[in-house]
Amino acid sequence: MTRFAGKSVIITGSSSGIGRATAVLFAKNGAQVTITGRNAEKLEATKKKLLKVVKTPDSVNVVVANLTDAQGQDQIIQSAVKKFGKIDILINNAGANVVDGTVNTDQSIDLYHKTFQINFQAVVEMVKKTKKYLIESKGEIVNVSSIAAGPQAVSMSPYYAAAKAALNQYTRCVALDLIKQGVRVNSVSPGIIATNFMGAMGVPEQAQKKIVNLFASEKGCIPAGVPGKPEDIAELIVFLSDRKRSFYIVGQSIVADGGTSLISPMESQNLEDVMEL
Ligand code: NDP
């Protein structure tokens with residue numbers, strides 16, 4: 001497939017989950033892909049998947065780096081430019097619900113900084129640092145947000161939810177600014193997707209399965225009845241990165257959540273049972 005032939009794409013957080021599936025889909029469609037994350041072993045596993053679908057190993061670039069570190073960001077960008085000569089598409093996907101045992105309004109200030117650093121500040125810094133390349137290539141940015149951005153509250157993780165809400169507004173502001181220079185910016189807001197997201201929070205695998213199954217079986221949690229797959233979100237990210245298919249979408253956050261964000265408290269009750277009484 002040649003849909004993205006000759007396009008240089010950076011996908012942050014591609015050692016796992018949504019980022020990995022997105023990297024595979026871009027590679028299948030002919031892109032030159034820079035994959036990155038902190039975990040070298042997991043990145044190697046993504047690389048193996050990519051090598052199965054690319055025409056030449058030269059179109060895969062692996063950078064082990066911490067995105068919350070300025071040097072790490074520079075390393076990713078410089079490596080992509082050195083290897084592929086340009087940047088056409090930036091996917092700001094890396095993110096995490098960072099935990100330290102504190103919840104709700106008791107969440108620590110240290111946690112606040114860490115949560116905003118990876119989910120918001122790193123995106124801002126990557127956009128600032130790649131801007132000149134993206135203007136040159138008339139490129140695209142897709143940020144990965146979350147339905148946690150609202151309008152419903154996520155009382156256990158206020159900083160994560162607030163960081164994603166900030167990301168949505170940042171997406172709109174930057175989109176309006178950069179479209180004047182030919183760069184399109186959008187974001188996606190996934191619902192519950194089966195990835196290592198809860199694993200990264202320290203939730204054991206069995207408990208993760210239980211939680212996801214509970215959500216899927218509850219009418220009020222996932223109306224579609226199943227959790228999303230990383231590939232479902234990858235399809236949306238790739239669509240928003242494809243100017244031929246989505247050129248008129250600018251500054252939007254597109255929700256893909258199996259209907260989760262549509263549910264109001266009234267909808268989640270079985271009123272038919274009550275009416276029969
Ligand atoms: P995963 O935990 O599977 O993947 C997260 C990725 O982010 C990993 O590749 C991880 O790489 C990377 N990452 C985290 N912190 C850093 C860091 N400091 N520096 C570099 N890379 C980092 O989760 P998902 O695939 O689910 O998450 C992808 C995005 O989707 C996130 O932004 C998340 O907030 C969002 N999302 C996920 C939902 C879900 O239900 N899964 C729902 C809504 C939004 P490494 O560990 O190698 O550093």
Side-chain angles (χ1 to χ4, degrees), residues 10-25 34-47 49 62-77 90-99 113-123 125-126 142-150 152 154 157 159-168 170-171 187-203 205 208-209 211-212 215-216 221-222 224 226-234 236-237 253-258 260-261:
I10 296 175
I11 303 139
T12 70
S14 33
S15 55
S16 177
I18 294 169
R20 176 181 284 168
T22 304
V24 170
L25 194 55
T34 295
I35 55 172
T36 180
R38 292 163 302 178
N39 187 317
E41 219 173 291
K42 285 182 162 188
L43 266 184
E44 201 50 39
T46 302
K47 184 182 174 185
K49 283 181 180 283
V62 183
V63 187
V64 180
N66 187 344
L67 257 184
T68 60
D69 165 16
Q71 275 180 336
Q73 297 160 3
D74 294 340
Q75 211 185 324
I76 298 165
I77 295 163
L90 170 66
I91 310 298
N92 287 309
N93 163 74
N97 190 0
V98 189
V99 287
H113 287 297
K114 285 185 178 143
T115 304
F116 266 76
Q117 255 173 6
I118 184 59
N119 292 290
F120 184 61
Q121 190 175 326
V123 176
E125 288 166 342
M126 285 299 282
V142 180
N143 298 325
V144 178
S145 182
S146 170
I147 57 165
Q152 287 83 8
V154 186
S157 306
Y159 305 148
Y160 175 73
K164 292 297 192 182
L167 182 59
N168 284 3
Y170 178 72
T171 298
S187 84
V188 301
S189 288
I192 296 151
I193 313 297
T195 66
N196 189 47
F197 187 78
M198 280 190 273
M201 294 167 68
V203 180
E205 212 174 314
Q208 288 178 47
K209 278 188 188 145
I211 293 169
V212 168
F215 284 159
C221 286
I222 313 179
V226 285
K229 298 186 298 301
E231 290 75 15
D232 298 326
I233 306 304
L236 183 55
I237 293 171
S253 185
I254 313 285
V255 172
D257 68 349
T260 298
S261 56

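Start at 1 and go down the list; that is how both ligands and their atoms are numbered. On a predicted model such as this, the values are computed, not experimentally measured, just so you know. The first residue in the sequence is number 1, and the count goes up from there.
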Applying ring-ring contact (aromatic ring centres under 6.0 Å, His included) to F116 and not counting sequence neighbours gives Y112

Taking every heavy atom of A21 against every heavy atom of E231, the minimum-distance pair comes out as CB-N, 3.9 Å

So, for S16 and N196, which heavy atoms are closest and what is the spacing to 0.1 Å? OG-CB, 3.6 Å

Indicate whether any N or O donor in one side chain lies under 3.5 Å from an N or O acceptor in the other, for D257 and S261. yes

Residues N143 and S145: side-chain donor-acceptor under 3.5 angstrom: no

Using the six-membered ring wherever Trp is involved, compare the ring planes of Y170 and F120 and label them parallel, tilted or perpendicular (cut-offs 30° and 60°). perpendicular

Protein neighbours of ligand 1 with a heavy atom under 4.0 Å, given by chain and number, are G13, S14, S15, S16, G17, I18, G37, R38, N39, A65, N66, L67, T68, N93, A94, G95, I118, V144, S145, S146, Y160, K164, P190, G191, I192, I193, T195, N196, F197

